[in-house]
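This report concerns only the one structure given below.
Letters A, B, ... mirror the listed sequences (proteins, then strands); counts begin at 1.
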Amino acid sequence: MLKIEGLCAEVEGKPILKGIDLELPAGEIHAIMGPNGAGKSTLSYLLAGREGYEVTGGSVTFHGQDLLAMEPEERAAAGLFLAFQYPVELPGVGNANFLRTALNAIRRSKGEAELDAMQFLKLARTRMKALSMPEDMLKRGVNVGFSGGEKKRNEVLQMALLNPSLAILDETDSGLDIDALRIVADGVNAMRGPGFSSLVITHYQRLLDYIVPDRVHVLMDGRIVQSGGPELAKQLEATGYTAVQAA
Amino acid sequence: MVQTAVQTGAAGFLHRYEGLRARLPGQGLPWLAALRERGIAAFRAQGLPTRRVEAWKYTDLAPVAQAAFEEPLTAVDGALALPRAAAPKRVVFVDGRYRADLSDAGAPVRSLAAHLPAAEGLLGSVARIDDVPLAALNTALFEDGALIDLGPGEDGGVVEILSVTLAERPVAVHPRHLVRLAEGAKLVLIERAWGHGGSRALHSPVWEFSVGAGAHVTHARLQQEAAASLHLATTFARVAAGGTYDSFLLHAGAKLARSEAHVVLAGPRAAAHLNGAQLLADGQHGDCTTFLDHAAPDCPSRQTVKTVLSGKSRGVFQGKIHVHQVAQRTDGYQMNQALLLSDQAEIDSKPQLEIYADDVKCSHGATVGALDETQLFYLRARGIPEAAARAMLIEAFLQEAVEAVADETARAALAEAVAGWWEKVA
């Protein structure tokens, strides 16, 4: 499904990713853990197609396609979704309009019929109820005046609506209290299935109590230094990243 | 009579006046003939404004000065493709002349040319003929226009005035529009300047608004002229106690467009909204210039003007607010923002506050920026193609200015003009 081979990347001439190898099969959830500055956010932005990162080596294959050659919107249409660590505020863009435009863009690219305003509202309301989101969040500007938890829930709502085959969750747990964390995790777990894979990027083990990964990878200084089962996350929590570095 | 030297670019217009004088409507009315003479004398003395004049520093009228304009035809072929009406009642002017056959019945709008005696005392009462050359020229040359005269408490409803310029030939039209609202009267006016044809035609309307005590007028101007046209509009408004002049300007068409507004808040609690948006594509020049006089106490004024520039375009915003010494407790707000979509676009922004009262709340601000790359990426990461994502952010930028229009019909007409602009120019 997703295959990363020898991926090297620089930001403003500074090497950040130094040869990442990772294979994510369909239906699996993998966690990428690592300390600050390890390259976690660079990896997620790079996969989603943000500008400002120079790939200096390696390749990324997504559903058999060269992911790095695709525009951000093409990656989204192909089934990739990035839940942002810092969801972006869009003053003047209504949330409902944004969600429907995005959903219809994805549907169009899949050759599916677009949803009209009524069909969309019905679908959005169902999904929002599951995420305990108040309905007035549809009327407000995208993420404008949202609390940290509301922004993250809005990310999960977008994921639920766009129904991706690969969701990259970039520090989705940051800034969430325990109730919000559970709601977000439920949202991700509800999507689990043979057609859904996820890369859960996190600093802390906490989120992985709720979204139990199939594999855990430790990213340090631009490389994956260790991989294992879910127990690796627990071990890291107990010993810290410095112990891995020393090993 | 003292002979004054002819100023730049004025010769063609002066010549035209000499040729037309005897045939201009209302020459039998001594007060009007005198007014026209006063207009042409003021224009002869000043000529077309040049960039040496402070208020015209950023807009060059050379294309007007150098043009050889032609007379509009007296009769125009009836088969005209008009845009969809924006309001339930529409009145149509073609090349500055009222067209009963194209207009809806029942609108409170009359042809000025056909009712000139009724304009005595109103025509020239608000416009500054002596020191605004384009108003002077219009006073001398106007042939027709709209006359709206609402009595006390009268509600004129929602009316569209569509001015069509047939730019198949380089015509010059100078319509004069007069609007008077007596005490407590109401009116929503959607003015659309629209044209077709590829020549350098000039449409230079002058509006005079006399807004009575407690009266309320909305004036939404949608400038959607043909691409090669020149648009030079001047609006004068005088607002009595408790009255409101609520205006919005959209510059979307024309090669060169300048809309100048002179608004005087003449009585206590008179209010003015001078909002606007300019959408400028490659090769266009748009200038929004306003002069606002707070001449009475307790008057609020609001102004939000947004300019979007792409390609090699140039935008101008000049906003002068003059708070007279008597205008205590003035509450003024002015904001102008520009969004530059290209490295070759240029915006010149000149806010100017002159305050002579001491108990005043006046704030103003200006920003210039590009589209936010992070916002653009966020939209694209959700599958929205780049052009559509840019369009969404441009509309979001304009949203604040469009939302300031309280009347739903006027706001919808504006929103329609703004929607999809980027996808059309990109």
Find out whether [X] and [Y] are in side-chain contact, i.e. whether some heavy atom of one side chain is under 4.5 Å from a heavy atom of the other.
X	Y	result
A:Y86	B:T374	no
B:L379	A:L90	yes
A:T101	B:R382	no

Counting heavy atoms not belonging to B:D343, are there more than 12 under 6.0 Å from its CG?
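Atom CG in B:D343 is not crowded, with 12 or fewer foreign heavy atoms closer than 6.0 Å.
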Is the number of heavy atoms from other residues, nucleotides or ligands within 6.0 Å of NZ (B:K186) greater than 12?
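For B:K186, atom NZ is not crowded (no more than 12 foreign heavy atoms under 6.0 Å).
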Look at A:E74 together with B:R380 and state whether they make a salt bridge at an N to O cut-off of under 4.0 Å.
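A salt bridge is absent here (no side-chain N lies under 4.0 Å from a carboxylate O).
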Plane angle bin for A:F84 and B:F377 - parallel if under 30°, tilted between 30 and 60°, otherwise perpendicular:
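Aromatic pair B:F377/A:F84 classed tilted.
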Chain A contact via B:E386 - which portion, at a heavy-atom distance below 4.5 Å
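Both the backbone and the side chain of B:E386 come within 4.5 Å of chain A.
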Given a strict heavy-atom distance threshold of 4.5 Å, which part of B:Q375 is in contact with chain A: side chain, backbone, both, or neither?
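Both backbone and side chain of B:Q375 come within 4.5 Å of chain A.
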Which answer fits A:R75, side chain, backbone, both or neither, if we ask what part of it has an atom under 4.5 Å from a heavy atom of chain B?
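For A:R75, no heavy atom lies under 4.5 Å from chain B.
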Among A:A76, A:A105, A:P72, single out the residue with the greatest number of heavy-atom pairs under 4.5 Å to chain B.
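Of A:A76, A:A105, A:P72, A:P72 has the most heavy-atom pairs under 4.5 Å with chain B.
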Would you give the length of the straight line joining atom CD of A:E155 to atom OH of B:Y378, rounded to the nearest 0.5 angstrom?
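A:E155 atom CD to B:Y378 atom OH measures 3.5 Å (nearest 0.5 Å).
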